[in-house]
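Here is how names work: the chains are called A, B, and so on, in the same order as the sequence lines, proteins then strands, and each is numbered from 1. Keep in mind that this is a model prediction, so the values were computed, not measured.
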Protein chains: 2
Amino acid sequence: MEEKTIIAALSALAQESRLRIFRLLVTAGPAGIPAGQIAEELAIPANTLSFHLSHLKNAGLVAARRDGRSLIYSAEYDHAKAVIDYLTENCCSRQPCCQ
Amino acid sequence: MEEKTIIAALSALAQESRLRIFRLLVTAGPAGIPAGQIAEELAIPANTLSFHLSHLKNAGLVAARRDGRSLIYSAEYDHAKAVIDYLTENCCSRQPCCQ
DNA sequence: TCCATATTTCTAGAATGACAGAACAATTAT
DNA sequence: ATAATTGTTCTGTCATTCTAGAAATATGGA
């Protein structure tokens with residue numbers, strides 16, 4: 001996984017609203033939540049939410065699918081896991097130490 | 001773990017130089033690396049490195065100990081793991097779905 | 001077709017962050 | 001003491017990010 005990809009994901013999550021959005025979607029599971037409902041639950045104006053959602057989407061952390069007038073967002077678990085794994089990859093490879 | 005703590009850690013890592021520093025320290029293990037050697041390996045000016053290291057330290061991701069004139073930095077594995085765990089906590093709790 | 005609903009894009013101002021030069025602080029050796 | 005080494009803090013500049021108002025786009029219903 002590329003460094004730029006990781007940085008995009010981390011900076012996407014390093015912001016209060018976006019971290020809350022992502023965690024909300026993680027708890028929601030694959031079914032996801034429509035944008036309007038996210039805006040309501042987190043009390044974020046629609047346009048501001050859209051800005052944050054596109055940030056998360058560019059980072060590959062969420063996906064969107066259309067259902068009628070609604071756009072339903074859901075977490076991209078695999079991508080999130082890949083980011084997480086990158087952080088501790090090659091742990092202690094310079095020295096024999098921890099497990 | 002508090003939201004602010006998580007955001008501090010994520011934004012600390014969401015930057016090219018700091019991500020490289022952190023990964024370098026992760027590979028180094030508990031023994032750590034002196035600041036000067038980090039600066040040399042990553043080709044970062046001493047004062048700029050210091051700026052980034054203090055950012056990582058404030059976020060709880062690295063620790064520093066003095067050895068003579070050198071300050072030796074090392075990764076704080078437990079804190080990093082706690083941040084990582086936070087991201088996927090309560091996965092799918094709103095619906096029965098994935099494991 | 002015309003309107004309401006759901007969401008995004010455009011825009012601009014305010015706030016925050018990165019960077020490196022210069023000065024400062026701490027430690028060790030002579 | 002004085003000087004050399006190792007890092008940090010101070011400073012200002014430039015760039016990026018957050019936020020929300022207003023306008024635009026897409027879908028579905030009357």
**Q** Taking the side chain as every heavy atom from C-beta outward, state whether A:Tyr77 and B:Cys92 have any pair of such atoms under 4.5 Å apart.
**A**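 Yes, side chains in contact.
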**Q** Tell me whether the side-chain N/O atoms of A:Gln15 come closer than 4.0 Å to OP1 or OP2 in D:dT19.
**A**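 For D:dT19, OP1 or OP2 has a side-chain N or O of A:Gln15 closer than 4.0 Å.
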**Q** Among D:dT27, D:dT19, D:dT8, which nucleotide sits nearest the side chain of A:Arg69?
**A**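 The answer is D:dT27, which lies nearest to the side chain.
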**Q** Phosphate oxygens OP1/OP2 of D:dT8: is one of them under 4.0 Å from a side-chain N or O of B:Tyr73?
**A**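 Answer is yes, contact under 4.0 Å.
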**Q** Whole angstroms only, please: what is the CD1-C1' distance between B:Ile72 and D:dG7?
**A**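 Those two atoms, CD1 and C1', are 13 Å apart.
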**Q** State, with a plain yes or no, whether a side-chain heavy atom of A:Leu56 is found less than 4.5 Å away from one of A:Leu13.
**A**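 Yes, side chains in contact.
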**Q** When you measure from the side chain of B:Thr48, which nucleotide among D:dA20, C:dA20, D:dT8 comes out closest?
**A**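 Nearest to the side chain of B:Thr48 among the choices is C:dA20.
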**Q** A:His52 side chain: which of C:dT9, C:dT7, D:dC18 is closest?
**A**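 From the listed options, D:dC18 comes nearest.
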**Q** Please work out if A:Ala46 contacts a base, only the sugar-phosphate, or nothing of the nucleic acid, heavy-atom cut-off 4.0 Å.
**A**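 Counting heavy atoms under 4.0 Å across all strands, the contact made by A:Ala46 includes a base.
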**Q** Among D:dG7, D:dT19, C:dA18, which is the nearest nucleotide to the side chain of A:Ser17?
**A**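 It is D:dT19.
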**Q** May I ask you to decide whether B:Arg94 forms a salt bridge with A:Glu41, counting only side-chain N to carboxylate O separations under 4.0 Å?
**A**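 Yes, charged N to carboxylate O under 4.0 Å.
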**Q** Answer yes or no: is there an ion pair linking B:Arg20 with A:Glu3, defined by an N-O contact shorter than 4.0 Å?
**A**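 Here B:Arg20 pairs with A:Glu3 in a salt bridge, since their nearest N and O are under 4.0 Å apart.
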**Q** Without decimals, in angstroms, what is the distance between A:Ile38 CD1 and C:dT7 P?
**A**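 Rounded to whole Å, this separation is 9 Å.
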**Q** When the distance from CD1 of B:Ile44 to P of C:dA18 is rounded to whole Å, what number comes out?
**A**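 Checked: the CD1 to P distance equals 12 Å.
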**Q** So which nucleotide from C:dC19, D:dT8, D:dC18 ends up closest to the side chain of A:Arg18?
**A**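 It is D:dC18.
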**Q** Please report, rounded to the nearest Å, how far the P atom of D:dG7 is from the CG atom of B:Leu71.
**A**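 Answer to the nearest Å: 6 Å.
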**Q** Where the side chain of B:Ala35 is concerned, which of D:dA20, D:dT19, D:dT8 is the nearest nucleotide?
**A**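 Among D:dA20, D:dT19, D:dT8, the one nearest the side chain of B:Ala35 is D:dT8.
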**Q** Could you please name the option among C:dA20, D:dC18, D:dG7 that lies closest to any side-chain atom of B:Pro45?
**A**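 Nucleotide nearest to B:Pro45's side chain: C:dA20.
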**Q** How is A:Ser70 classified with respect to the nucleic acid when contacts are heavy atoms under 4.0 Å: base, sugar-phosphate, or nothing?
**A**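 Here A:Ser70 touches the backbone only, sparing every base.
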**Q** Calculate the interatomic distance between B:Asp67 atom CG and C:dT27 atom P; express it in whole Å.
**A**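 Result: 12 Å.
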**Q** Examine the base of D:dG7 for any acceptor or donor lying under 3.5 Å from a partner atom in the side chain of B:Asn47, and report the outcome as yes or no.
**A**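 No.
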**Q** To the nearest Å, how far apart are B:Arg66 CZ and D:dT5 P?
**A**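 After rounding, the gap between these two atoms is 16 Å.
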**Q** Check the distance between D:dT8's P and B:Asn58's CG and give it to me in whole angstrom.
**A**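 Interatomic distance, CG of B:Asn58 to P of D:dT8: 12 Å.
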**Q** Please report, rounded to the nearest Å, how far the C1' atom of C:dC10 is from the CZ atom of A:Phe51.
**A**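 Atom CZ in A:Phe51 sits about 13 Å away from atom C1' in C:dC10.
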**Q** Report yes or no: is the cationic atom of B:Arg65 (NZ for Lys, CZ for Arg) closer than 6.0 Å to the six-membered ring centre of B:Tyr73, at no more than 45° off its axis?
**A**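 Checked: cation-pi criterion not met.
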